[in-house]
Enquirer: 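Before I ask anything, let me first share the structure, which is written out below as structure tokens.
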Amino acid sequence: MPIRLHESLSRTQRELQPAQPDGVFRFYNCGPTVYAPAHIGNFRTFVVNDVIRRLLELEFGPDKVKHVRNLTDVDDRTIGQTQKEKRPLAEITKKWTGLFHADCAALNCLRPHHEPTATGYIKEQVSMIEVLMEKGNAYRAADGSVYFKVSSFEDYGALSRIKERELKVTNMVADSDHKDAVSDFALWKAWKPEEDGDVKWPGPRGAGAGRPGWHIECSAMSKALLGDTIDLHTGGVDLLFPHHENEIAQSQCCNGTQFAHHWYHSEHLLVDGTTMSKSKGNYYTLGDLLAKGYSAMVVRYALLMMGHPRKQLNFTLDSLHTAESSLTRLRTFRSALAAKAGAVQAQPSGRFKAVLDALRDDLNTPWAQGELFGDINLWKPEGQTAQHAAEDLAAFDQILFALGLDVTATTEPPKPAAPAAITALADQRWAAKQAKDWAGADALRKELTAAGWSMLDSKDSYRLEPLKK
RNA sequence: GGCGCGGUAGCCAAGUGGUAAGGCCGAGCUCUGCAAAAGCUCUAUCGGCGGUUCGAUUCCGCCCCGCGCCUCCA
């Protein structure tokens, strides 16, 4: 069964297929701006894209997928941060890039094959801008900036179906600058010493020094690393307009050919029913959630499995509890399977096939979850030979690979140690239990519970865990 | 004003023109001094009103409610 994915331009589901004769699937995913820690909304998109990458590898083979995800390391926000911190741009972007990589690794996202930075591709961007100027699709403004002339591209608006007169009037006033038309967008932004500090590069022929606009970077990096036409271009819905609309305009006018065969956009994450923002106090980074005691794998599960990627997902801390319980069941199930299989190695059985099919059907993760637990519920250890169990284990592991869920790693954060007062109570209860003083033991358990601790007995020892918040 | 999305059990969430997957939580039972873990079982008629149809949660129309986006935010 081929992978079918919703396509934003046609608004239909289309099969994913490599178009080039080399059979390599070319996949570009718009990456983060590295000026602050990425928040979990960002990571929903990256986790979803990671599953696309994994499905593509399963479908076409690991060496037949070329996945590019950029880092935006120069734009208004990164530069704004240099001004705020009075530190060089590279220092700031390096710091946040490092954290982004760490978060991605914790969330078990595969590294893209290329991770270009905007500042690493200035020449490529400049040269595209020059071509656009030569072709009459771009013009130099009075201040030395270069703008794309939207009216020169007939198909503009095809992706977002937005017409310039439909844009909110208030936004049109604010951004007058030196443009010929309000909908024209910057390809190159002239250097403003008071705002940009020392961030500048030599501009395209006929323009001043400055820096590239945001949109051109993706066009240039995609062209440089994947060629003029790619198989799939993805990002969050917010990028649909203007970012992707503008990329299409730039790339197609410059290259004279179709830019992307397939556009895919994942929906936004909401937190507590509304847009996440620092002022609302519902803004979470991965670090924030780890600090609350959740594992990154639980976060991945919640971001991926608890809602369809093309529907807004309302994230709550409660959903992390759900995810945690679900993930624990997966872990338990795998242990049972592995125990039964022993050392036997085998090819995947047909079990869990429906899970993969659900993913191939427009990344329907909730459906996949249904199939997954449905199959787990049907599994019975009785009558299973080690061979069968090994086959089922191989099939299960394939599903875990596709979803990027690592249940074998001990990703659980260490439980905090109990304070001395609690351990003392626990010891007392243990003693009471050994003396078969059930009433005393129960009373002590109640005390522990009241203090927020749970005492888990085993044959000849016990451990203490804090009760769930 | 424009573009778009959603309203399915306590919560989350798939899905189908013929009487609703799954997860979480909860309850009962088994097991176990208790608790935990594990296992079994149970829990909805799909926002409202019309229409089409033998039959609609699923198609059409209207209405109500909630939400997102609209130039540099994944």
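Numbered from 1 within each chain, the chains take letters A, B, ... in sequence-line order. Because only heavy atoms are used, hydrogens play no part in the values below, and waters and symmetry mates are left out as well, while side chains stay in. Given the structure is predicted, the values throughout are model-derived calculations rather than measurements.
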Enquirer: So which nucleotide from B/rA74, B/rC70, B/rC34 ends up closest to the side chain of A/Thr45?
Expert: B/rA74
Enquirer: Applying ring-ring contact (aromatic ring centres under 6.0 Å, His included) between A/Phe27 and each of A/His67, A/His114, A/His113, report the one that passes.
Expert: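 Between A/Phe27 and the candidates, ring-ring contact (aromatic ring centres under 6.0 Å, His included) is satisfied uniquely by A/His67.
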Enquirer: Hydrogens and angles aside, do A/Asp75 and A/Thr72 bring a side-chain donor and acceptor to less than 3.5 Å of each other?
Expert: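 No, no side-chain donor-acceptor contact under 3.5 Å.
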Enquirer: Are any of A/Arg77's side-chain N or O atoms less than 4.0 Å away from OP1 or OP2 of B/rC73?
Expert: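 Checking B/rC73 against A/Arg77, a side-chain N or O does come within under 4.0 Å of OP1 or OP2.
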Enquirer: Does A/Asp50 pair with A/Arg54 as a salt bridge, N-O distance under 4.0 Å?
Expert: yes
Enquirer: When we call it a touch if two heavy atoms are under 4.0 Å apart, what does A/Lys380 touch: a base, just sugar-phosphate, or nothing?
Expert: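 Touches sugar-phosphate only.
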Enquirer: Counting side-chain heavy atoms from CB outward, which of B/rA74, B/rC67, B/rC34 is closest to A/Gln312?
Expert: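 When the side chain of A/Gln312 is considered, B/rC67 is the closest of B/rA74, B/rC67, B/rC34.
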Enquirer: I'd like to know if A/Asp375 pairs up with A/Arg351 as an ion pair, taking the criterion as any Lys NZ or Arg NE/NH1/NH2 lying under 4.0 Å from an Asp or Glu carboxylate oxygen.
Expert: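 Salt bridge: no.
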Enquirer: Using only side-chain N and O atoms of A/Lys433, determine if any of them is under 4.0 Å from OP1 or OP2 of B/rU32.
Expert: no
Enquirer: A/Thr332 has a side chain; which of B/rA38, B/rG68, B/rA74 sits nearest to it?
Expert: B/rA38
Enquirer: Can you tell which of A/Lys311, A/Arg4, A/Arg310 makes a salt bridge (charged side-chain N to carboxylate O under 4.0 Å, His left out) with A/Asp362?
Expert: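 Running salt bridge (charged side-chain N to carboxylate O under 4.0 Å, His left out) over A/Lys311, A/Arg4, A/Arg310 with A/Asp362 returns exactly one hit, A/Arg310.
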Enquirer: Could you check whether A/Glu7 and A/Ser10, counting side-chain N and O atoms only, form a donor-acceptor pair closer than 3.5 Å?
Expert: yes
Enquirer: Closer than 3.5 angstrom, by distance alone: can the side chain of A/Thr119 be matched with the main-chain N or O of A/Asp73 as a donor-acceptor pair?
Expert: no
Enquirer: Kindly write out the residues that satisfy ring-ring contact (aromatic ring centres under 6.0 Å, His included) with A/Phe373, not counting sequence neighbours, or none if the list is empty.
Expert: none
Enquirer: Does the side chain of A/Ser319 get closer than 4.0 angstrom to OP1 or OP2 of B/rC11 through an N or O atom?
Expert: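 Indeed not, no polar side-chain atom of A/Ser319 lies that close.
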Enquirer: Heavy atoms only, 4.0 Å cut-off, all strands: where does A/Gly370 land among base, sugar-phosphate and nothing?
Expert: base
Enquirer: Distance alone, cut at 3.5 Å: any donor-acceptor contact between the side chains of A/Thr408 and A/Asp406?
Expert: yes
Enquirer: Go nucleotide by nucleotide along RNA chain B from the 5' end; which of A/Asp437 and A/Ser160 gets its closest nucleotide reached first?
Expert: A/Ser160
Enquirer: Stacking between A/His308 and the base of B/rA13 (centre distance under 5.5 Å, interplanar angle under 30°)?
Expert: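 Here A/His308 fails the 5.5 Å or the 30° condition.
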Enquirer: Can you tell me how far P of B/rA13 sits from CG of A/Leu303, to the nearest Å?
Expert: 14 Å
Enquirer: Is A/His268 touching bases, backbone alone, or none of the nucleic acid, heavy atoms closer than 4.0 Å?
Expert: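 Since a base atom lies under 4.0 Å of A/His268, the category is base.
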Enquirer: Would you say B/rA36 has OP1 or OP2 under 4.0 Å from some side-chain N or O of A/Arg463?
Expert: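 No, A/Arg463 has no side-chain N/O under 4.0 Å of OP1/OP2 on B/rA36.
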Enquirer: Check A/Arg11 against A/Leu159 and note the closest heavy-atom contact, atom names and distance.
Expert: NH2-O, 4.4 Å
Enquirer: Do the side-chain N or O atoms of A/Lys311 get closer than 4.0 angstrom to the phosphate oxygens (OP1, OP2) of B/rA14?
Expert: yes
Enquirer: Looking across every strand, which nucleic acid part, if any, lies under 4.0 Å from A/Thr449 by heavy atom: base, sugar-phosphate, or nothing?
Expert: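 No contact.
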Enquirer: Toss me the dot-bracket line for RNA chain B: Watson-Crick and G-U wobble, both under 3.5 Å, 5' to 3', using | for pairs to another strand and [ ] for crossers.
Expert: (((((((..(((.....[...))).(((((.......)))))....(((((..]....))))))))))))....
Enquirer: Whether A/Asn364 contacts B/rG15 is assessed here as follows: a side-chain N or O lying under 4.0 Å from the phosphate OP1 or OP2. Is that the case?
Expert: yes
Enquirer: Got a list of protein N/O to nucleotides 23-25 of chain B N/O distances below 3.5 Å?
Expert:
from, atom 1, to, atom 2, distance (Å)
B/rG23, OP1, A/Arg329, NH1, 3.2
B/rG23, OP1, A/Asn377, ND2, 3.1
B/rG23, O2', A/Ser326, OG, 2.3
B/rC24, OP2, A/Arg329, NH1, 3.4
B/rC24, O3', A/Ser325, OG, 3.4
B/rC24, O2', A/Thr322, OG1, 3.4
B/rC25, OP1, A/Ser325, OG, 3.4

